[in-house]
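To start, the structure itself, in structure tokens.
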Amino acid sequence: MVRVTTTPSDLWHHYGRTRAEHDREVPDAFHWIWSQDSGSGPEVLGDLSGRVVGDLGAGAARHAAHLVVHHEPAQVVAVDASPGQYEMAAALFGHLAPRLRIVSCDAVSHLNATANTYDVLYSVFGAVDFTDPRELLPAAVVALRPGGRLVFSTLAHYVGGAPAQPDVVAAAVPARTPQGEATAMDRWVLQEHVWVKVLDEAGFTGISVDMLPSAVRGPRTADTLLVSATRRP
């Protein structure tokens with residue numbers, strides 16, 4: 001059984017806890033899309049052999065663990081600001097150290113403290129979604145080596161179908177405190193051209209955005225934007 005302690009401010013306390021009680025295996029697959037069941041996988045990141053890779057908003061570090069076991073990176077660093085997610089990740093996949101390093105820190109602070117460290121950074125509906133991109137993307141440029149890549153999947157529109165924002169504006173989305181009380185957190189759901197603009201302003205080039213449609217339709221489904229960019233030399 002995975003036991004997780006947390007602080008009152010940890011709005012990710014409940015996320016993934018039920019799954020962690022019965023699924024402790026390193027995933028065989030890595031998916032970018034919202035439903036996490038099909039489509040492109042880690043090949044989007046390129047050849048990871050000998051590379052230093054960072055997972056921003058790693059949660060329970062399932063994606064990071066997959067890369068460590070099934071690819072050949074020098075190291076994958078799984079970063080998450082949630083104490084509960086950090087402890088869950090450590091309980092599930094701490095045995096993969098030192099090639100998997102699990103870090104309890106917000107993404108911006110970690111990136112600013114690790115200049116010229118990473119060959120690849122990625123986020124699967126992680127920190128890129130829940131951090132002001134005007135803070136996170138410049139920090140990612142700092143942490144990447146020249147020519148390093150950032151790849152992330154994010155919502156193409158709000159879950160439920162409302163359109164994405166035409167500017168860099170966050171929306172309040174539902175969350176729960178560790179005690180189960182309803183609250184909200186900021187999430188950035190931006191249109192394609194807005195992501196391109198903020199990436200360019202942060203210091204990225206070679207920006208590409210692909211739409212990955214959901215394989216199923218329903219009230220809780222959403223299409224995905226898969227975004228990749230390269231740090232300018």
Side-chain angles (χ1 to χ4, degrees), residues 25-33 36 39-81 85-86 89-90 92-129 131 133 135-154 195 199-200 202-210 212 224-233:
E25 299 301 315
V26 174
D28 291 329
F30 178 123
H31 297 297
W32 295 99
I33 67 171
Q36 289 290 288
S40 55
E43 68 275 4
V44 175
L45 298 172
D47 183 5
L48 299 181
S49 301
R51 302 298 182 95
V52 179
V53 181
D55 184 336
L56 306 178
R62 294 184 185 275
H63 289 93
H66 171 86
L67 295 181
V68 166
V69 170
H70 296 284
H71 300 268
E72 297 181 350
Q75 187 176 61
V76 179
V77 182
V79 182
D80 205 285
Q85 294 298 308
Y86 167 79
L92 290 170
F93 305 119
H95 64 282
L96 297 177
R99 290 182 61 214
L100 175 61
R101 179 182 167 215
I102 301 169
V103 175
S104 179
C105 187
D106 72 272
V108 173
S109 296
H110 175 78
L111 293 170
N112 282 326
T114 53
N116 295 302
T117 294
Y118 290 102
D119 299 296
V120 178
L121 293 169
Y122 73 91
S123 173
V124 182
F125 302 102
V128 174
D129 278 27
T131 311
E135 297 180 5
L136 186 139
L137 297 179
V141 169
V142 169
L144 283 167
R145 295 173 177 145
R149 297 184 65 223
L150 169 67
V151 183
F152 62 92
S153 58
T154 186
W195 283 116
L199 283 160
D200 177 73
F204 285 96
T205 188
I207 301 163
S208 67
V209 183
D210 294 320
L212 307 180
T224 298
L225 293 181
L226 181 59
V227 185
S228 64
T230 302
R231 177 190 159 174
R232 291 192 182 103

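Sequence positions, counted from 1, serve as the residue numbers for this chain. Atoms considered below: every heavy atom in the structure, side chains included; atoms not considered: hydrogens, waters and symmetry mates. The structure displayed is predicted, hence computed values, not measured ones.
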Worksheet entry | Pair listing, ring-ring contact (aromatic ring centres under 6.0 Å, His included) test, anchored in residues 39-65, at least two apart |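 Matches after skipping sequence neighbours: Phe30-His63.
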Residues forming a side-chain contact (heavy atoms from CB on, under 4.5 Å) with [X], sequence neighbours excluded:
X      : result
His31  : Ala29, Gln36
Pro233 : none
Val69  : Val26, Leu96
Glu135 : Val108, Asp132

Test side chain to side chain donor-acceptor pair (under 3.5 Å) applied to [X] - qualifying residues, sequence neighbours left out:
X      : value
Ser228 : Ser208
Asp200 : Arg232
Ser109 : Asp106

Worksheet item: Do Gln75 side-chain atoms and Pro98 backbone N/O form a donor-acceptor pair below 3.5 Å?
Response: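 The answer is yes, because a donor-acceptor pair under 3.5 Å joins these two groups.
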Worksheet item: Quick check: does any side chain N or O of Thr114 sit under 3.5 Å from a backbone N or O of Leu111, one acting as donor and the other as acceptor?
Response: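 Present.
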Any chance you could measure [X], atom [atom1], to [Y], atom [atom2], to the nearest 0.5 Å?
X      : Y      : atom1 : atom2 : result
Leu121 : Leu144 : CG    : CG    : 4.0 Å
Arg99  : Leu67  : CZ    : CG    : 10.0 Å
His66  : Asp28  : NE2   : CG    : 8.0 Å
Ile33  : Leu225 : CD1   : CG    : 13.0 Å
Phe125 : Thr224 : CZ    : OG1   : 3.5 Å
Glu25  : Arg62  : CD    : CZ    : 9.5 Å

Considering all heavy atoms, the nearest [X]-[Y] contact:
X      : Y      : value
Gly57  : Asp80  : C-OD2, 3.3 Å
Leu100 : Ala78  : CD1-CB, 4.2 Å
Ala89  : Ile102 : O-CD1, 3.4 Å
Val79  : Cys105 : CG1-O, 3.4 Å
Phe93  : Pro27  : CZ-CD, 4.5 Å
Ala202 : Pro138 : CB-N, 3.8 Å

Worksheet entry | For Asp47, salt bridge (charged side-chain N to carboxylate O under 4.0 Å, His left out) partners two or more places apart |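 Salt bridge (charged side-chain N to carboxylate O under 4.0 Å, His left out) check on Asp47 returns nothing, list empty.
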Practice prompt. For the residue pair Val76 and His71, establish whether any side-chain heavy-atom pair is separated by less than 4.5 Å.
Written response: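 No, side chains not in contact.
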Fill in: Within-4.5 Å side-chain heavy-atom neighbours: Trp195 and Val128
yes
Item to complete: Might you work through the side-chain contact (heavy atoms from CB on, under 4.5 Å) test for Leu136 and Phe152, ending with a clear yes or no?
Response: CA-CA 12 Å; Leu136 186 139; Phe152 62 92; over 6 Å; no
Discussion item. Using the ring pair (Phe, Tyr, Trp, His ring centres under 6.0 Å) criterion, which residues pair with Phe204? Sequence neighbours excluded.
Written reply: none
Discussion item. Could you work out, with ring pair (Phe, Tyr, Trp, His ring centres under 6.0 Å) as the rule, every residue matching Tyr86, not counting sequence neighbours?
Written reply: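 Tyr86: no ring pair (Phe, Tyr, Trp, His ring centres under 6.0 Å) contacts found.
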Worksheet entry | Summary of side-chain hydrogen bond (donor to acceptor under 3.5 Å, both in side chains) pairs that have at least one residue in residues 140-154, sequence neighbours excluded |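 Found Asp119-Arg145, Asp129-Thr154.
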Worksheet entry | Residue among Leu150, Val141, Val209, Thr230 satisfying side-chain contact (heavy atoms from CB on, under 4.5 Å) with Leu199 |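 Single side-chain contact (heavy atoms from CB on, under 4.5 Å) partner of Leu199 among Leu150, Val141, Val209, Thr230: Leu150.
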